[in-house]
Amino acid sequence: MEEIRELTAKDEYARTAYKQFWGTRIIRQDPWECLISYICATYKSIAAIKHMLNNISKKFGDKTIFGGSEYYTFPSPKRLSKATIAELRTSGLGYRAKYVSETSKKIQERTFDLQGLKALQYEPAKKELITLPGVGPKVADCILLFSQDKFEAFPVDVWIKRIVLGHYGNHFSKAFIEKTSGEGSLSPKSYEMINAFGREYFGKYAGYAQEYLFHYERTLQPKSQK
DNA sequence: ACCCAGGAATTGT
DNA sequence: ACAATTCATGGG
């Protein structure tokens with residue numbers, strides 16, 4: 001962590017985020033759970049995402065007892081690939097139900113090698129992930145960062161977009177800032193511009209900077225907490 | 001009732 | 001190629 005901070009806390013804004021939330025770590029999540037979770041996460045608030053994931057765990061996972069409390073495991077590829085789209089919709093997934101179903105089948109049938117991704121570099125692994133239904137550049141970056149040990153991944157969501165345009169706007173042209181700040185959702189080209197900036201500016205641990213900036217910025221906006 | 005959310009896929013130009 | 005439009009639903 002000392003090395004990561006030395007390499008990525010490159011300006012006052014980033015240093016403030018590190019200072020305030022020092023101790024924050026990036027999870028090394030199970031790749032399968034991470035994959036499905038971020039397919040569900042598109043165009044949803046974090047509170048709503050938690051709700052959706054709890055729903056499918058209760059509905060398709062296994063009940064376990066831990067510390068005297070009941071929990072439900074995250075459903076396996078086998079179980080989730082057998083769930084109907086109607087069942088997934090009932091869990092509140094909306095239009096994401098189809099993507100979860102199709103991707104689950106590819107994993108269960110071994111059409112896609114999720115375990116083999118860790119052996120790949122960032123770029124080829126990202127290219128592979130994007131072939132999955134419901135996985136675009138942003139979801140792929142989240143999966144790579146949180147479950148594939150790719151710490152140079154720099155996911156760009158609406159928060160990171162605002163942070164980069166607001167605090168690092170001097171790295172972009174005036175025309176680009178006006179165009180992208182107007183875009184409701186980022187175009188693929190705009191995503192690539194901000195993503196490339198993050199990886200070049202913050203370096204091989206760009207994902208750590210992303211996470212500290214993301215969390216710091218969100219705490220400054222009380223209405224989106226929890 | 002209104003607004004937006006850790007975007008991606010599809011359709012139109 | 002690149003720019004609009006569509007897609008379901010819950011929480012603030």
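Quantities reported herein were computed from a predicted structural model and do not represent experimental measurements. Quick note on labels: first sequence line is chain A, next is B, and so on, each numbered from 1.
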Would you tell me whether A:S104 and A:S101 have side-chain atoms, one donor and one acceptor, within less than 3.5 Å of each other? no
C:dG10 and B:dA9: how far apart are their C1' atoms, nearest whole angstrom? 22 Å
Nearest-Å distance, NZ (A:K189) to C1' (B:dA8)? 19 Å
Sugar-phosphate only, base, or nothing, as touched by A:E102 at under 4.0 Å among non-hydrogen atoms: nothing
Judged by modelled atom types alone, do A:E211 and A:T24 share a side-chain donor-acceptor pair under 3.5 Å? no
Name the orientation class of the two ring planes belonging to A:W22 and A:Y18 (parallel below 30°, tilted from 30 to 60°, perpendicular beyond 60°). tilted
Pair A:E217, A:Y13 - check side chain to side chain donor-acceptor pair (under 3.5 Å), show working. CA-CA 10 Å; A:E217 185 71 13; A:Y13 186 71; 2.3 Å; yes
Can you figure out which of B:dA8, B:dA5, C:dG11 approaches the side chain of A:A47 most closely? C:dG11
Over 12 non-hydrogen atoms of neighbours within 6.0 angstrom of CZ in A:R162: yes
What is the distance, to the nearest angstrom, from the CZ atom on A:R96 to the C1' atom on C:dT6? 13 Å
Length of the line joining A:W159:CH2 and B:dC4:C1', which is rounded to integer Å: 11 Å
Under a 4.0 Å heavy-atom cut-off, which of residues 7-35 of chain A touch DNA chain B? none
Does C:dG10 have OP1 or OP2 sitting under 4.0 Å from an N or O in the side chain of A:R89? no
Pairing donors with acceptors under 3.5 angstrom, does anything connect the side chains of A:Y43 and A:D157? no
Note: for A:P155 and A:K98 on DNA chain B, the residue whose nearest nucleotide lies more 5' is A:P155
Should the pair A:K10 and A:Y201 be classed as cation-pi, given the thresholds of under 6.0 Å to the six-membered ring centre and 45° from the axis? yes
Specify the separation, in whole Å, of atom CD of A:E217 and atom P of B:dA5. 13 Å
Rounding to a whole Å, what distance do you find between A:I49:CD1 and B:dA8:P? 12 Å
Judged by nearest nucleotide, the residue sitting upstream toward the 5' end of DNA chain C, A:T42 or A:H51, is A:T42
Nearest-angstrom distance from the residue atom CG of A:L88 to C1' of C:dA8: 14 Å
Check this for me: does any side-chain nitrogen of one of A:K98 and A:E102 sit under 4.0 Å from a carboxylate oxygen of the other? no
Sugar-phosphate, base or nothing in reach of A:Q210, heavy atoms under 4.0 Å: base
Sub-6.0 Å ring centroid separation between A:Y72 and A:F60: no
Linking directly or through intermediates, with side-chain heavy atoms under 4.5 Å: list the remaining ILVMFWY members grouped with A:Y71, chain and number order. A:F66
Verify the stacking flag for A:Y95 against C:dA8: centroid separation must be under 5.5 angstrom and the ring planes must differ by under 30 degrees. no
In whole Å, I'd like the distance from the NZ atom of A:K44 to the P atom of C:dC7. 16 Å
To the nearest Å, give me how far apart CZ (A:R162) and C1' (B:dA5) are. 10 Å
On a whole-Å scale, what distance lies between the C1' atoms belonging to C:dG11 and B:dA8? 22 Å
Applying a 4.0 Å non-hydrogen cut-off, can you work out what A:Y191 is touching in the nucleic acid: base, sugar-phosphate, or nothing? nothing
Side-chain donor/acceptor contact of A:Y99 with base of B:dG7 under 3.5 Å: no
Near DNA chain B, which residues from residues 124-138 of chain A have a heavy atom under 4.0 Å away? A:L132, A:P133, A:G134, A:V135, A:G136, A:P137, A:K138
Quick one: label A:V156 by what it contacts on the DNA or RNA (base, sugar-phosphate, nothing), any heavy atom closer than 4.0 Å. nothing
